[in-house]
K.L.:
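Sharing a structure below in structure tokens format, with a few things to ask.
Counting begins at 1 with the first residue of the sequence.
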Amino acid sequence: MSQTQPASRPPFPRRRRAGLGFAVGLAALALAGCQSRGGPGDITGSIGRSQPAQPRTASDWQAERDSWARRYDANPKDRDAAFYYARALRASEQHAQALAVLQNAVLVHQDDRELLGAYGRSLADNGRLREADEVLSRAHSPERPDWRILSAQGTVADQLGEHDRAQQLYQTALKLVPNEPTVMSNLGLSLALSRNLPEAERVLREAAATPAADVRVRQNLVLVLGLQGRFGEAETLARQDQSPAEAAAAIAYLKRSVSQQNSWDLLKGKARVQPAPKPPLARGPGAASTQDQG
């Protein structure tokens, strides 16, 4: 549920763009990962390895993809080329291609846990949740725990319906990075999936109050407020990131959805991996999400 936040999708949406995406995307929120899958915070950092700056715009991600694609085509065994090319492919939602790149890379670089973590997330992107769960469990160790991997494992567990385990994973991650909003957002959505809405609201409010919280965290809180029928509060909060008209349209959509008997599918539909932040390439990453920070 990005960092890697449920968190769970655009981390840097423009105001107008976020509005339409929110109204349409509420039913497809992603655990993570507030956060999103190929974007900032989604790739596990390895100790001692310097990382290129994360792209922040759609055009930046496209340039990143094209640049690493050329290097990867020149040498598919180049570890960094495979890693960053796959990251850019995930950012543009080319999930099958990203998985193919990472699958080959982990065969060549079998002891690289950072690659293994990216491979596990990519498996989850492609709906191979049991495999993702197993791979992510091998991507770090008790003596060198990785909070992003723990958050990613949590989003997969939530998608599998194992909410108690997911919440334990988020709590473990939060011991490593207290008050990390993407992990807190994922925890909040997991609590909502368990139908513990008051506690979900409490956690999401804490996450939204942190300086690093982004629009996805607030959108997740909007969703939980809506599930409790508090649409006025939800609309006021939505206006922080949208115009009044966009916020009203989003809440009207949410109200219609919640009034249906299958309103809990709003949350179940979110369980598609996130922690952590997703770039705004394919949509315009916003719809609220959990974060696949990891």
K.L.:
Between S67 (side chain only) and E64 (backbone N and O only), is there a donor and an acceptor less than 3.5 Å apart?
P.N.:
no
K.L.:
Should V183 and P181 count as side-chain neighbours, where that means a heavy-atom distance under 4.5 Å?
P.N.:
no
K.L.:
What residues, two or more places apart in sequence or in another chain, satisfy side chain to side chain contact (heavy atoms under 4.5 Å, CB included) together with E162?
P.N.:
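So E162 forms a side chain to side chain contact (heavy atoms under 4.5 Å, CB included) with R130, A157, L160, R165.
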K.L.:
For K77, which residues count as a side chain to side chain contact (heavy atoms under 4.5 Å, CB included) partner, sequence neighbours excluded?
P.N.:
N75, V108
K.L.:
Rounded to the nearest 0.5 Å, how far apart are CG of D241 and CD of E246?
P.N.:
10.5 Å
K.L.:
Return the set of residues passing salt bridge (charged side-chain N to carboxylate O under 4.0 Å, His left out) with R70 (not counting sequence neighbours), or none when no residue passes.
P.N.:
none
K.L.:
List for me each residue that meets side-chain hydrogen bond (donor to acceptor under 3.5 Å, both in side chains) alongside E206, sequence neighbours excluded, and say none if there are none.
P.N.:
R202
K.L.:
Check whether any side-chain heavy atom of D146 lies under 4.5 Å from a side-chain heavy atom of R113, and answer yes or no.
P.N.:
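A side-chain contact under 4.5 Å is absent here.
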K.L.:
Among residues at least two apart in sequence or on other chains, which ones pass salt bridge (charged side-chain N to carboxylate O under 4.0 Å, His left out) with E235?
P.N.:
R239
K.L.:
Please enumerate all residues that pass side-chain hydrogen bond (donor to acceptor under 3.5 Å, both in side chains) together with E143, with sequence neighbours excluded.
P.N.:
S141
K.L.:
What I want to check is whether the side chains of S194 and Q167 have a donor and an acceptor closer together than 3.5 Å.
P.N.:
yes
K.L.:
Can you pull out every salt bridge (Lys or Arg N to Asp or Glu O under 4.0 Å) where at least one residue sits in residues 219-228? Sequence neighbours excluded, please.
P.N.:
none
K.L.:
How would you list, by chain and number, every residue that makes a side chain to side chain contact (heavy atoms under 4.5 Å, CB included) with E233, sequence neighbours excluded?
P.N.:
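So E233 forms a side chain to side chain contact (heavy atoms under 4.5 Å, CB included) with R205, L225, R230.
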K.L.:
Sequence neighbours excluded, which residues qualify as side chain to side chain contact (heavy atoms under 4.5 Å, CB included) partners of P76?
P.N.:
Y72
K.L.:
Does either side chain, that of S190 or that of D158, offer a donor lying less than 3.5 Å from an acceptor on the other one?
P.N.:
yes
